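For reference, the structure is listed below as structure tokens.
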Amino acid sequence: MTIAIELRTQILRLYQAEHWRVGTIARQLHLHRDTVTRVLNAASVVVVAAHPRARQIDLYLPFITETLSKYPSLTASRLHVMLQERGYSGSSSHFRHLLASLRPRRASEAYLRLRTLPGEQAQVDWAHFGHLKIGKADRPLMAFVMTLSYSRRIFLHFSLNARMDSFLAGHVLAFEAWAGVPRVILSDNLKSAVLERMGEAIRFNPQYLAFAAHYRFEPRPVALARGNEKGRVERSIRYIRDNFFGARVFADVDDLNAQAKIWCEAAASDRPWPEGAQLTVGAAFDNERPSLMAMPPNPYPLEERVEVHSGKTPYVRFDLNDYSIPHTHVRRSLTVLASAHRVRILDGGAVLAEHARSYDKGAQVEIAAHVQALKEHKRGARQHSAVDRLSQAVPACSELLSRAANAGHHLASIARILAEYLDHYGAAAMQEAVLEALRRDVPHPNAVRHALEHARELRQATPLVVPQLSERAQLLDVHVPTRGLGAYDALQARAQATPASPGSTDNSANTDKSDKSDPS
């Protein structure tokens, strides 16, 4: 509760000049006793109780003082339990109120106001802004924030991770937006910058050191647990949360970054400069820009590099998704180079595939040519394996398949059917049948089957169960049984031996009946 200065003045006058008691002041001014006491304590006025009474806690004050001197951060609940074990019967809430005045207070730390020269220093940090749902993936929305210490110019860029490639890309985008590089960049002890630290002994991330050498700035991590040393970027993050991101509507990360760029160049630059209200941050940045170091002529490679291993399927896994590769490079160690929008897959120095990056989860990002080439390879492999088997077991099949190809027949289906005949009839019978089909100049499985069945009938062998043919093949392979011509010969001999007579009609009719009853 905030007390007006007029009321505080009145409380002090009534207590010190008029010598009113605390209770009297509280009743007359319609305040709580604690409020009056708090005002007097804030003014360093010693409040003397009108009728001092012995308190239950007074007996335990030496124990409380000794315990808090050894364990300053001991909680009130734990200390209350310890006192109860020693006979204290006061309530927990009342004990907490009394202990608050007894606990030693840590001295407040004072800070110097830091001033930097133009172009001398920038401060950088990550900020977390919740999560985005992209397909099946729940991606963190991270903001890379860099602030120039002199002008307070802000650079803001959002990404879906806080890995090294995004960290370095944020630096480069900030340098490009400012058309220069600060001499010192202050950061936290995050793994992208510092791998290990023991006091003042720092082991930097080698990749970050190489990046700093390329752009000629000094990487300087703050002391451990001393985030106040980079308070300007911390305040910038709070400013971004309140003045930019709150209630912000955006379609995707690219749209959010486009809005952030406009905000940095307009609203964030038009705010008053903390070092002098007569200037804006944008005007101070215009004064600071000539002091920034020039950009190097060649860009630094920013793509994330990951070693991957392809399995038996023509895909490699990267960042929760599968990306297709040519089927000729399965079961190999490959390299993935990934930027914010592109994924390249390399075998040594050769680029095997280039895909648009997906931030989904479990997606298959494919190039149609990769899948089609694998399908054609598998079909050709099956066809060639059947042809090779037939050619080795039945040499005449090579000629039959060659003639079938010239006639325009489908070789894969012919090879499959001939392979089934080979399984049922054997290699010797197949060789003879194929030669018979070639002699008749009918390069088709039906001719081979006819020859195989004819040879089986001559041997009087048991019929074999052959695979079910297609409907078209069944129509082309109708078997018409042959009948003997002996009945017709008998009719002709009888007609020549019998002279014509009036009853010849009846005799011919009888002959017809006898022919119909003839089982032959």
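Scope of the values below: all heavy atoms of this structure, side chains included, with no hydrogens, waters or symmetry mates. Every value quoted in this text rests on a predicted model; they were computed, and no experiment measured them.
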Shortest non-hydrogen contact from V124 toward S187 = CG1-CB, 3.6 Å

Any sub-3.5 Å donor-acceptor pair from D319's side-chain atoms to Y359's backbone N or O?
-> no

For I262, what residues pass the side-chain contact (heavy atoms from CB on, under 4.5 Å) criterion, not counting sequence neighbours?
-> none

Just grab all the salt bridge (charged side-chain N to carboxylate O under 4.0 Å, His left out) pairs involving residues 258-274, residues at least two apart or on different chains.
-> none

So F167 and Y208, would you call those rings parallel, tilted or perpendicular, with 30° and 60° as cut-offs?
-> tilted

Can you sort out the partners of N287 under side chain to side chain donor-acceptor pair (under 3.5 Å), two or more places apart, ordered by chain and number?
-> none

Side-chain donor-acceptor contacts of residues 125-137 below 3.5 Å, not counting sequence neighbours, with atom names and distances?
residue : atom : partner : partner atom : Å
D125    : OD2  : K230    : NZ           : 2.7
H128    : ND1  : G130    : N            : 3.3
H128    : NE2  : G130    : O            : 3.3

E218: side chain to side chain donor-acceptor pair (under 3.5 Å) partners, not counting sequence neighbours = R220

Over all heavy atoms of both residues, which pair between R357 and S339 is shortest? Give the atoms and the distance, please.
-> NH1-O, 2.9 Å

Pair E366, Y315: side-chain N/O donor-acceptor within cut-off below 3.5 Å | yes

May I ask you to check whether F285 and W273 place their ring centers less than 6.0 Å from one another?
-> no

Check side chain to side chain donor-acceptor pair (under 3.5 Å) between R163 and all other residues, then give those that pass, not counting sequence neighbours.
-> E304

List the atom pairs, donor and acceptor, that lie under 3.5 Å between side-chain atoms in residues 345-355 and the rest of the protein, sequence neighbours left out.
residue : atom : partner : partner atom : Å
D347    : OD2  : R332    : NH1          : 3.1
E354    : OE2  : R342    : NH1          : 3.3
H355    : NE2  : S324    : O            : 2.8

Under the side chain to side chain donor-acceptor pair (under 3.5 Å) test, residues paired with E176 that sit two or more places apart | none

Residue pair Y239 / A268: nearest heavy atoms and the distance that separates them | OH-CA, 4.0 Å

Closest non-hydrogen atom pair between S149 and Q121, with its separation | OG-OE1, 2.7 Å

Mind checking whether F144 and F155 have parallel, tilted or perpendicular rings, split at 30° and 60°?
-> perpendicular

Closest heavy-atom pair, A363 versus D360, reported as atoms and distance to 0.1 Å, is CB-CB, 4.1 Å

Spell out, as yes or no, whether a donor-acceptor pair under 3.5 Å connects the side chain of R27 to the backbone of I25.
-> no

Does C264 offer a backbone N or O that forms a donor-acceptor pair with the side chain of S269 under 3.5 Å?
-> yes

Across all chains, not counting sequence neighbours, the ring pair (Phe, Tyr, Trp, His ring centres under 6.0 Å) partners of H410 are none

What are the two closest heavy atoms between V22 and R33, and how far apart are they?
-> CG1-O, 3.9 Å

Residues Q372 and E376: side-chain donor-acceptor under 3.5 angstrom | yes

H370: ring pair (Phe, Tyr, Trp, His ring centres under 6.0 Å) partners, not counting sequence neighbours | none

For residues 77-89, tabulate all N or O donor-acceptor pairs below 3.5 Å that involve a side-chain atom, not counting sequence neighbours.
residue : atom : partner : partner atom : Å
S77     : OG   : T75     : OG1          : 3.4
H80     : NE2  : G90     : O            : 3.0
R86     : NH1  : M82     : O            : 3.0
S89     : OG   : Q56     : NE2          : 2.7

Distance-only donor-acceptor pairs under 3.5 Å for side chains of residues 243-257, two or more places apart:
residue : atom : partner : partner atom : Å
R248    : NE   : F244    : O            : 3.0
R248    : NH1  : Q259    : OE1          : 3.0
R248    : NH2  : F244    : O            : 3.1
D252    : OD1  : D254    : N            : 3.3
D252    : OD1  : D255    : N            : 2.9
D254    : OD1  : H341    : NE2          : 3.3
D255    : OD1  : Q259    : NE2          : 3.4
D255    : OD2  : A251    : N            : 2.9
D255    : OD2  : Q259    : NE2          : 3.2
N257    : OD1  : F158    : N            : 2.6
N257    : ND2  : F158    : O            : 3.1
N257    : ND2  : V253    : O            : 3.4

Per side chain to side chain contact (heavy atoms under 4.5 Å, CB included), I154 is matched among L148, I240, V281 by I240

Classify the ring geometry between F175 and F211 as parallel (under 30°), tilted (30 to 60°) or perpendicular (over 60°).
-> parallel

